[in-house]
Protein chains: 2
Amino acid sequence: MKQRATRQLGALYDALAASRDHPTAEQLFQRVRRVLPRISLGTIYRNLDKLREHGRLRVVRLAGGEARYDAMTAAHDHFVCDHCGDVVDLPRCGLTPSAAALRADGYEVHWHTTALYGVCKRCTSSHRGRGAGVAPRGRRAQAV
Amino acid sequence: MKQRATRQLGALYDALAASRDHPTAEQLFQRVRRVLPRISLGTIYRNLDKLREHGRLRVVRLAGGEARYDAMTAAHDHFVCDHCGDVVDLPRCGLTPSAAALRADGYEVHWHTTALYGVCKRCTSSHRGRGAGVAPRGRRAQAV
DNA sequence: CTTTCTGCAAACTCTTTGCACTCGT
DNA sequence: ACGAGTGCAAAGAGTTTGCAGAAAG
(Lines give C-alpha, C1' and ligand atoms only; values in the text may rest on other atoms or scores of the structure.)
Protein backbone atom coordinates (compact mmCIF):
# COMPACT_ATOMS: atom_id res chain seq x y z
CA MET A 1 0.00 0.00 0.00
CA LYS A 2 2.92 2.31 0.45
CA GLN A 3 5.38 3.69 -2.04
CA ARG A 4 8.84 2.22 -1.63
CA ALA A 5 12.11 3.96 -2.35
CA THR A 6 13.82 1.49 -4.63
CA ARG A 7 17.10 2.03 -6.41
CA GLN A 8 15.28 1.80 -9.71
CA LEU A 9 12.83 4.56 -8.90
CA GLY A 10 15.58 6.79 -7.57
CA ALA A 11 17.88 6.25 -10.52
CA LEU A 12 15.03 6.91 -12.92
CA TYR A 13 14.12 10.16 -11.29
CA ASP A 14 17.75 11.22 -11.18
CA ALA A 15 18.13 10.49 -14.87
CA LEU A 16 15.00 12.43 -15.69
CA ALA A 17 15.89 15.38 -13.52
CA ALA A 18 19.32 15.53 -15.14
CA SER A 19 17.81 15.56 -18.63
CA ARG A 20 17.05 18.63 -20.57
CA ASP A 21 15.87 16.92 -23.73
CA HIS A 22 12.44 15.48 -22.88
CA PRO A 23 13.63 11.90 -23.16
CA THR A 24 11.52 8.97 -24.28
CA ALA A 25 11.09 5.89 -22.10
CA GLU A 26 13.68 4.10 -24.22
CA GLN A 27 16.21 6.90 -23.76
CA LEU A 28 15.67 6.90 -20.02
CA PHE A 29 16.07 3.13 -20.06
CA GLN A 30 19.49 3.47 -21.70
CA ARG A 31 20.58 6.15 -19.24
CA VAL A 32 19.43 4.36 -16.12
CA ARG A 33 21.03 1.22 -17.44
CA ARG A 34 24.43 2.78 -17.04
CA VAL A 35 23.80 2.83 -13.29
CA LEU A 36 21.62 -0.26 -12.93
CA PRO A 37 22.50 -2.56 -15.82
CA ARG A 38 19.82 -5.12 -14.97
CA ILE A 39 16.83 -2.77 -14.93
CA SER A 40 14.07 -3.65 -17.36
CA LEU A 41 12.00 -1.48 -19.63
CA GLY A 42 8.84 -2.64 -17.88
CA THR A 43 10.15 -1.17 -14.65
CA ILE A 44 10.89 2.10 -16.40
CA TYR A 45 7.30 2.34 -17.53
CA ARG A 46 5.90 1.31 -14.16
CA ASN A 47 8.00 3.87 -12.36
CA LEU A 48 7.31 6.63 -14.86
CA ASP A 49 3.66 6.02 -14.16
CA LYS A 50 4.22 6.27 -10.43
CA LEU A 51 6.10 9.51 -10.81
CA ARG A 52 3.27 10.84 -12.93
CA GLU A 53 0.66 9.88 -10.35
CA HIS A 54 2.69 11.69 -7.76
CA GLY A 55 2.95 14.76 -9.95
CA ARG A 56 6.71 14.51 -10.25
CA LEU A 57 6.74 14.50 -14.02
CA ARG A 58 4.63 15.44 -16.98
CA VAL A 59 4.00 13.30 -20.01
CA VAL A 60 4.63 15.20 -23.21
CA ARG A 61 2.91 13.71 -26.22
CA LEU A 62 3.47 16.38 -28.78
CA ALA A 63 4.17 14.45 -31.96
CA GLY A 64 5.24 11.06 -33.16
CA GLY A 65 4.38 7.78 -31.60
CA GLU A 66 6.39 7.93 -28.42
CA ALA A 67 5.65 9.69 -25.19
CA ARG A 68 8.30 12.00 -23.83
CA TYR A 69 8.83 12.80 -20.19
CA ASP A 70 9.51 16.10 -18.58
CA ALA A 71 10.57 16.52 -14.95
CA MET A 72 7.94 18.76 -13.45
CA THR A 73 9.29 22.15 -12.69
CA ALA A 74 7.75 25.54 -13.32
CA ALA A 75 4.94 25.85 -15.85
CA HIS A 76 6.36 26.27 -19.30
CA ASP A 77 5.47 25.78 -22.93
CA HIS A 78 7.14 23.95 -25.80
CA PHE A 79 8.51 24.52 -29.22
CA VAL A 80 8.51 21.39 -31.39
CA CYS A 81 10.56 21.08 -34.53
CA ASP A 82 8.50 19.52 -37.30
CA HIS A 83 11.70 18.40 -38.95
CA CYS A 84 13.86 16.75 -36.30
CA GLY A 85 11.28 16.33 -33.54
CA ASP A 86 13.28 18.15 -30.92
CA VAL A 87 11.35 19.77 -28.12
CA VAL A 88 12.57 23.03 -26.62
CA ASP A 89 11.29 24.53 -23.40
CA LEU A 90 9.89 28.02 -23.59
CA PRO A 91 8.99 30.33 -20.76
CA ARG A 92 5.28 30.24 -20.08
CA CYS A 93 3.47 32.42 -22.58
CA GLY A 94 1.70 35.40 -21.14
CA LEU A 95 -2.04 35.82 -20.72
CA THR A 96 -4.33 33.17 -19.34
CA PRO A 97 -6.56 31.56 -21.94
CA SER A 98 -10.32 31.61 -21.80
CA ALA A 99 -10.50 29.39 -18.74
CA ALA A 100 -12.92 31.75 -17.05
CA ALA A 101 -15.65 31.14 -19.60
CA LEU A 102 -15.22 27.38 -19.31
CA ARG A 103 -15.35 27.50 -15.54
CA ALA A 104 -18.51 29.54 -15.68
CA ASP A 105 -19.93 26.77 -17.85
CA GLY A 106 -19.27 24.00 -15.33
CA TYR A 107 -15.83 22.81 -16.37
CA GLU A 108 -12.88 22.40 -14.04
CA VAL A 109 -9.69 23.68 -15.62
CA HIS A 110 -6.58 22.32 -13.97
CA TRP A 111 -3.80 23.47 -16.23
CA HIS A 112 -2.92 24.34 -19.77
CA THR A 113 0.00 24.42 -22.10
CA THR A 114 0.87 25.87 -25.44
CA ALA A 115 2.93 24.21 -28.12
CA LEU A 116 4.52 26.09 -31.00
CA TYR A 117 5.44 24.16 -34.14
CA GLY A 118 7.92 25.02 -36.83
CA VAL A 119 11.51 24.39 -37.79
CA CYS A 120 14.29 24.80 -35.27
CA LYS A 121 17.43 26.82 -35.73
CA ARG A 122 19.60 23.80 -36.37
CA CYS A 123 17.30 22.39 -39.05
CA THR A 124 16.79 25.77 -40.68
CA SER A 125 20.51 26.12 -41.31
CA SER A 126 21.04 22.57 -42.58
CA HIS A 127 17.90 22.65 -44.67
CA ARG A 128 19.13 24.36 -47.80
CA GLY A 129 16.91 23.50 -50.76
CA ARG A 130 16.05 19.89 -50.19
CA GLY A 131 19.20 18.18 -48.97
CA ALA A 132 19.50 15.76 -46.11
CA GLY A 133 20.88 17.77 -43.22
CA VAL A 134 19.18 16.59 -40.07
CA ALA A 135 17.08 13.50 -40.60
CA PRO A 136 13.39 13.87 -39.88
CA ARG A 137 12.56 11.96 -36.76
CA GLY A 138 8.83 11.41 -36.49
CA ARG A 139 8.03 10.86 -40.14
CA ARG A 140 4.33 10.47 -39.46
CA ALA A 141 1.73 11.95 -37.22
CA GLN A 142 2.39 15.59 -36.81
CA ALA A 143 0.50 16.40 -33.70
CA VAL A 144 -1.10 19.13 -31.65
CA MET B 1 2.91 10.70 -59.05
CA LYS B 2 -0.49 12.26 -58.95
CA GLN B 3 -3.13 12.13 -56.30
CA ARG B 4 -6.19 10.19 -57.34
CA ALA B 5 -9.75 10.91 -56.24
CA THR B 6 -10.86 7.52 -54.98
CA ARG B 7 -14.16 6.76 -53.30
CA GLN B 8 -12.25 5.81 -50.17
CA LEU B 9 -10.46 9.13 -49.89
CA GLY B 10 -13.65 11.05 -50.54
CA ALA B 11 -15.72 9.11 -48.04
CA LEU B 12 -13.01 9.49 -45.43
CA TYR B 13 -12.83 13.22 -45.82
CA ASP B 14 -16.61 13.48 -45.76
CA ALA B 15 -16.74 11.49 -42.55
CA LEU B 16 -14.07 13.64 -40.99
CA ALA B 17 -15.62 16.90 -42.08
CA ALA B 18 -18.97 15.78 -40.67
CA SER B 19 -17.40 14.95 -37.30
CA ARG B 20 -17.27 17.29 -34.45
CA ASP B 21 -15.69 14.90 -31.97
CA HIS B 22 -12.05 14.58 -33.08
CA PRO B 23 -12.44 10.94 -34.04
CA THR B 24 -9.72 8.31 -33.87
CA ALA B 25 -8.70 6.28 -36.91
CA GLU B 26 -10.81 3.40 -35.64
CA GLN B 27 -13.88 5.61 -35.26
CA LEU B 28 -13.44 6.97 -38.76
CA PHE B 29 -13.04 3.41 -40.00
CA GLN B 30 -16.41 2.48 -38.49
CA ARG B 31 -18.11 5.54 -39.96
CA VAL B 32 -16.69 5.17 -43.45
CA ARG B 33 -17.56 1.50 -43.32
CA ARG B 34 -21.23 2.38 -43.32
CA VAL B 35 -20.71 3.82 -46.80
CA LEU B 36 -17.95 1.53 -48.09
CA PRO B 37 -18.26 -1.72 -46.16
CA ARG B 38 -15.14 -3.26 -47.67
CA ILE B 39 -12.72 -0.45 -46.82
CA SER B 40 -9.77 -1.51 -44.68
CA LEU B 41 -8.13 0.17 -41.74
CA GLY B 42 -4.86 0.31 -43.64
CA THR B 43 -6.53 2.46 -46.26
CA ILE B 44 -7.90 4.74 -43.56
CA TYR B 45 -4.39 5.32 -42.25
CA ARG B 46 -2.89 5.80 -45.70
CA ASN B 47 -5.52 8.32 -46.65
CA LEU B 48 -5.38 10.16 -43.35
CA ASP B 49 -1.70 10.60 -44.02
CA LYS B 50 -2.39 11.98 -47.47
CA LEU B 51 -4.91 14.42 -46.13
CA ARG B 52 -2.38 15.53 -43.56
CA GLU B 53 0.32 16.05 -46.17
CA HIS B 54 -2.11 18.17 -48.11
CA GLY B 55 -2.96 20.21 -45.06
CA ARG B 56 -6.57 19.10 -45.02
CA LEU B 57 -6.52 17.81 -41.48
CA ARG B 58 -4.60 18.13 -38.29
CA VAL B 59 -3.43 15.29 -36.10
CA VAL B 60 -4.37 15.83 -32.48
CA ARG B 61 -2.31 13.82 -30.05
CA LEU B 62 -3.38 15.29 -26.76
CA ALA B 63 -3.50 12.31 -24.43
CA GLY B 64 -3.73 8.57 -24.48
CA GLY B 65 -2.24 6.26 -27.03
CA GLU B 66 -4.37 7.06 -30.04
CA ALA B 67 -4.12 9.90 -32.49
CA ARG B 68 -7.23 11.92 -33.14
CA TYR B 69 -8.02 13.76 -36.33
CA ASP B 70 -9.44 17.18 -36.78
CA ALA B 71 -10.66 18.56 -40.11
CA MET B 72 -8.61 21.67 -40.65
CA THR B 73 -10.71 24.75 -40.27
CA ALA B 74 -10.00 27.96 -38.44
CA ALA B 75 -7.28 28.02 -35.81
CA HIS B 76 -8.67 26.92 -32.50
CA ASP B 77 -7.58 25.42 -29.22
CA HIS B 78 -8.72 22.43 -27.22
CA PHE B 79 -10.07 21.49 -23.85
CA VAL B 80 -9.32 17.89 -22.89
CA CYS B 81 -11.17 16.09 -20.13
CA ASP B 82 -8.72 14.16 -17.98
CA HIS B 83 -11.56 11.90 -16.94
CA CYS B 84 -13.40 10.82 -20.09
CA GLY B 85 -10.88 11.92 -22.69
CA ASP B 86 -13.31 14.07 -24.64
CA VAL B 87 -11.85 16.91 -26.63
CA VAL B 88 -13.80 20.14 -26.98
CA ASP B 89 -12.97 22.88 -29.44
CA LEU B 90 -12.37 26.30 -28.02
CA PRO B 91 -12.11 29.58 -29.84
CA ARG B 92 -8.49 30.50 -30.33
CA CYS B 93 -7.15 31.84 -27.06
CA GLY B 94 -6.13 35.44 -27.12
CA LEU B 95 -2.58 34.88 -26.07
CA THR B 96 0.16 35.51 -28.54
CA PRO B 97 3.02 33.30 -27.55
CA SER B 98 6.62 34.37 -27.58
CA ALA B 99 7.06 33.55 -31.25
CA ALA B 100 8.81 36.83 -31.95
CA ALA B 101 11.74 35.96 -29.70
CA LEU B 102 12.09 32.55 -31.30
CA ARG B 103 12.02 34.00 -34.80
CA ALA B 104 14.67 36.48 -33.84
CA ASP B 105 16.73 33.51 -32.73
CA GLY B 106 16.57 31.72 -36.08
CA TYR B 107 13.53 29.51 -35.62
CA GLU B 108 10.64 29.29 -38.05
CA VAL B 109 7.32 29.26 -36.24
CA HIS B 110 4.49 27.90 -38.35
CA TRP B 111 1.65 27.61 -35.95
CA HIS B 112 0.77 26.99 -32.35
CA THR B 113 -2.01 25.65 -30.23
CA THR B 114 -3.03 25.65 -26.62
CA ALA B 115 -4.57 22.76 -24.76
CA LEU B 116 -6.44 23.17 -21.49
CA TYR B 117 -6.81 20.15 -19.24
CA GLY B 118 -9.33 19.49 -16.53
CA VAL B 119 -12.69 17.82 -16.00
CA CYS B 120 -15.57 18.47 -18.33
CA LYS B 121 -19.06 19.47 -17.36
CA ARG B 122 -20.52 16.03 -17.87
CA CYS B 123 -17.87 14.33 -15.75
CA THR B 124 -18.05 16.96 -13.05
CA SER B 125 -21.73 16.28 -12.49
CA SER B 126 -21.46 12.49 -12.54
CA HIS B 127 -18.32 12.50 -10.43
CA ARG B 128 -19.80 12.76 -6.97
CA GLY B 129 -17.42 11.33 -4.39
CA ARG B 130 -15.93 8.31 -6.09
CA GLY B 131 -18.71 6.58 -8.02
CA ALA B 132 -18.50 5.28 -11.56
CA GLY B 133 -20.24 7.91 -13.63
CA VAL B 134 -18.35 8.25 -16.88
CA ALA B 135 -15.59 5.72 -17.25
CA PRO B 136 -12.10 7.13 -17.63
CA ARG B 137 -10.93 6.59 -21.17
CA GLY B 138 -7.19 6.97 -21.36
CA ARG B 139 -6.15 5.51 -18.06
CA ARG B 140 -2.47 6.13 -18.65
CA ALA B 141 -0.32 8.78 -20.19
CA GLN B 142 -1.78 12.12 -19.42
CA ALA B 143 -0.22 14.28 -22.04
CA VAL B 144 0.68 17.78 -23.03
C1' DC C 1 -2.63 0.96 -70.83
C1' DT C 2 -0.13 2.88 -66.96
C1' DT C 3 0.24 4.11 -62.43
C1' DT C 4 -1.78 4.79 -58.13
C1' DC C 5 -4.71 2.83 -54.77
C1' DT C 6 -6.96 -0.90 -52.25
C1' DG C 7 -7.83 -5.05 -49.22
C1' DC C 8 -5.67 -8.23 -46.65
C1' DA C 9 -2.64 -9.91 -43.48
C1' DA C 10 1.62 -9.84 -41.46
C1' DA C 11 5.04 -6.94 -39.30
C1' DC C 12 6.43 -3.22 -36.20
C1' DT C 13 6.69 0.00 -32.38
C1' DC C 14 5.50 1.44 -28.11
C1' DT C 15 3.40 0.20 -23.81
C1' DT C 16 1.25 -2.86 -20.48
C1' DT C 17 0.90 -7.09 -17.69
C1' DG C 18 1.22 -11.97 -15.37
C1' DC C 19 4.26 -14.51 -12.77
C1' DA C 20 7.75 -16.07 -9.69
C1' DC C 21 11.31 -14.05 -7.24
C1' DT C 22 13.69 -10.10 -4.64
C1' DC C 23 14.25 -6.51 -1.52
C1' DG C 24 12.51 -2.38 1.43
C1' DT C 25 10.62 -1.60 5.62
C1' DA D 1 8.06 -11.73 7.52
C1' DC D 2 5.00 -9.12 4.60
C1' DG D 3 3.89 -7.10 0.56
C1' DA D 4 5.33 -3.71 -2.89
C1' DG D 5 8.66 -3.78 -6.56
C1' DT D 6 11.50 -6.21 -10.10
C1' DG D 7 13.10 -8.80 -14.35
C1' DC D 8 11.57 -11.32 -17.91
C1' DA D 9 8.91 -12.52 -21.53
C1' DA D 10 4.63 -12.59 -23.58
C1' DA D 11 0.54 -10.02 -24.74
C1' DG D 12 -1.87 -5.71 -26.32
C1' DA D 13 -2.89 -1.46 -28.61
C1' DG D 14 -2.22 1.41 -32.47
C1' DT D 15 -0.02 2.02 -36.82
C1' DT D 16 2.65 0.75 -40.94
C1' DT D 17 3.76 -2.01 -45.02
C1' DG D 18 4.43 -5.77 -48.89
C1' DC D 19 1.94 -7.74 -52.29
C1' DA D 20 -1.36 -9.14 -55.84
C1' DG D 21 -5.32 -7.57 -57.80
C1' DA D 22 -8.68 -3.40 -58.77
C1' DA D 23 -9.57 0.98 -60.60
C1' DA D 24 -8.69 6.00 -61.81
C1' DG D 25 -6.92 8.88 -65.49
Side-chain angles (χ1 to χ4, degrees), chain A residues 1-16 22-30 32-54 56-57 59-69 85 136-143, chain B residues 1-13 15-16 22-30 32-54 56-57 59-69 85 135-143:
Chain A
M1 202 82 221
K2 224 184 103 239
Q3 170 83 276
R4 285 182 184 176
T6 62
R7 310 165 191 296
Q8 288 87 343
L9 183 62
L12 174 62
Y13 187 72
D14 290 349
L16 181 63
H22 308 81
T24 63
E26 180 64 35
Q27 289 173 321
L28 287 166
F29 178 44
Q30 298 304 339
V32 174
R33 238 185 183 176
R34 300 205 278 257
V35 183
L36 299 170
R38 300 193 56 78
I39 197 171
S40 74
L41 193 49
T43 297
I44 297 288
Y45 279 109
R46 276 184 289 232
N47 281 333
L48 283 171
D49 210 47
K50 275 174 202 162
L51 290 171
R52 179 181 60 75
E53 283 168 7
H54 289 245
R56 305 238 287 161
L57 64 76
V59 182
V60 184
R61 214 174 237 290
L62 293 159
E66 322 139 82
R68 287 155 161 268
Y69 301 87
R137 232 190 59 93
R139 56 275 170 246
R140 297 264 167 294
Q142 179 163 306
Chain B
M1 202 80 217
K2 224 184 106 244
Q3 170 83 276
R4 284 180 184 180
T6 61
R7 309 167 189 296
Q8 289 85 344
L9 183 63
L12 174 62
Y13 187 72
L16 182 63
H22 308 83
T24 63
E26 180 66 33
Q27 290 172 322
L28 287 166
F29 178 44
Q30 299 304 340
V32 174
R33 236 183 183 176
R34 299 204 279 257
V35 182
L36 298 171
R38 299 194 56 78
I39 196 172
S40 75
L41 193 48
T43 296
I44 296 289
Y45 278 109
R46 275 183 290 230
N47 282 334
L48 283 171
D49 211 44
K50 276 174 202 163
L51 290 171
R52 178 181 62 75
E53 283 169 5
H54 289 245
R56 305 238 288 161
L57 64 75
V59 182
V60 184
R61 212 173 240 291
L62 294 158
E66 321 139 83
R68 285 154 162 269
Y69 300 86
R137 233 189 58 94
R139 55 275 168 247
R140 296 265 167 293
Q142 179 163 310

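In this text, all values refer to a predicted model and were calculated from it rather than measured experimentally. Just so we're on the same page: letters track the sequence lines, and every chain starts at 1.
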*Between atom NZ of K50(B) and atom CD of Q8(B), what is the distance when rounded to the nearest 0.5 Å?*
9.5 Å
_Is any side-chain heavy atom of T24(B) closer than 4.5 Å to one of L28(B)?_
no
*Give the rounded distance in Å between these two atoms: CD of Q27(B) and P of dT15(D).*
11 Å
_Q30(A): which residues meet the side chain to side chain contact (heavy atoms under 4.5 Å, CB included) condition with it, sequence neighbours left out?_
E26(A), R33(A)
*Would you kindly give the CG-to-C1' distance between D49(A) and dT6(D), to the nearest whole Å?*
16 Å
*Please report, rounded to the nearest Å, how far the P atom of dT16(D) is from the CZ atom of F29(B).*
15 Å
*Are R46(B) and D49(B) close enough, and set up right, to give a salt bridge (charged side-chain N to carboxylate O under 4.0 Å, His left out), and what steps lead you there?*
CA-CA 5 Å; R46(B) 275 183 290 230; D49(B) 211 44; over 6 Å; no
*Set of residues satisfying side chain to side chain contact (heavy atoms under 4.5 Å, CB included) with respect to R56(A), sequence neighbours excluded*: Y13(A), L51(A), H54(A)
*With distance as the sole test, does R68(B) use its side chain to make a donor-acceptor pair with the main-chain N or O of P23(B) at under 3.5 Å?*
no
*How long is the line joining CG of L9(B) and P of dA23(D), in whole Å?*
17 Å
*Can you tell me the distance, in whole Å, between the CZ atom of R61(B) and the C1' atom of dA13(D)?*
12 Å
*asked:* Can you see if the side chain of K50(A) gets near the phosphate of dA4(D) - specifically, an N or O under 4.0 Å from OP1 or OP2?
replied: no
_Atom pair CD (E66(B)) and CD (Q27(B)), whose distance is rounded to the nearest 0.5 Å_ = 7.5 Å
*asked:* For a quick check, with a 4.0 angstrom heavy-atom cut-off, what is the B/S/- contact string for nucleotides 7-12 of chain D, read 5' to 3'?
replied: BB----
*Rounded to whole angstrom units, what separation is found between the CD atom of E26(A) and the P atom of dT15(C)?*
10 Å
Restricting to nitrogen or oxygen on both sides, can you table the protein-nucleotides 21-25 of chain C pairs closer than 3.5 Å?
from: dG24(C); atom 1: OP1; to: R7(A); atom 2: NE; distance (Å): 3.1
from: dG24(C); atom 1: OP1; to: R7(A); atom 2: NH2; distance (Å): 3.0
from: dG24(C); atom 1: N2; to: R4(A); atom 2: NH2; distance (Å): 2.8
from: dG24(C); atom 1: N3; to: R4(A); atom 2: NH1; distance (Å): 3.4
from: dT25(C); atom 1: OP1; to: A5(A); atom 2: N; distance (Å): 3.4

*asked:* Any side-chain N or O of Y45(A) below 4.0 angstrom from OP1/OP2 of dT15(C)?
replied: yes
*asked:* Checking A11(B) now: which residues fulfil side chain to side chain contact (heavy atoms under 4.5 Å, CB included) with it, not counting sequence neighbours?
replied: V32(B), L36(B)
*Between atom CZ in R33(B) and atom P in dT6(C), what is the gap in whole Å?*
16 Å
_With T43(B) via side-chain hydrogen bond (donor to acceptor under 3.5 Å, both in side chains) - residues at least two apart_ = S40(B)
*Could you state the CG-P distance from L48(B) to dG14(D), rounded to the nearest angstrom?*
15 Å
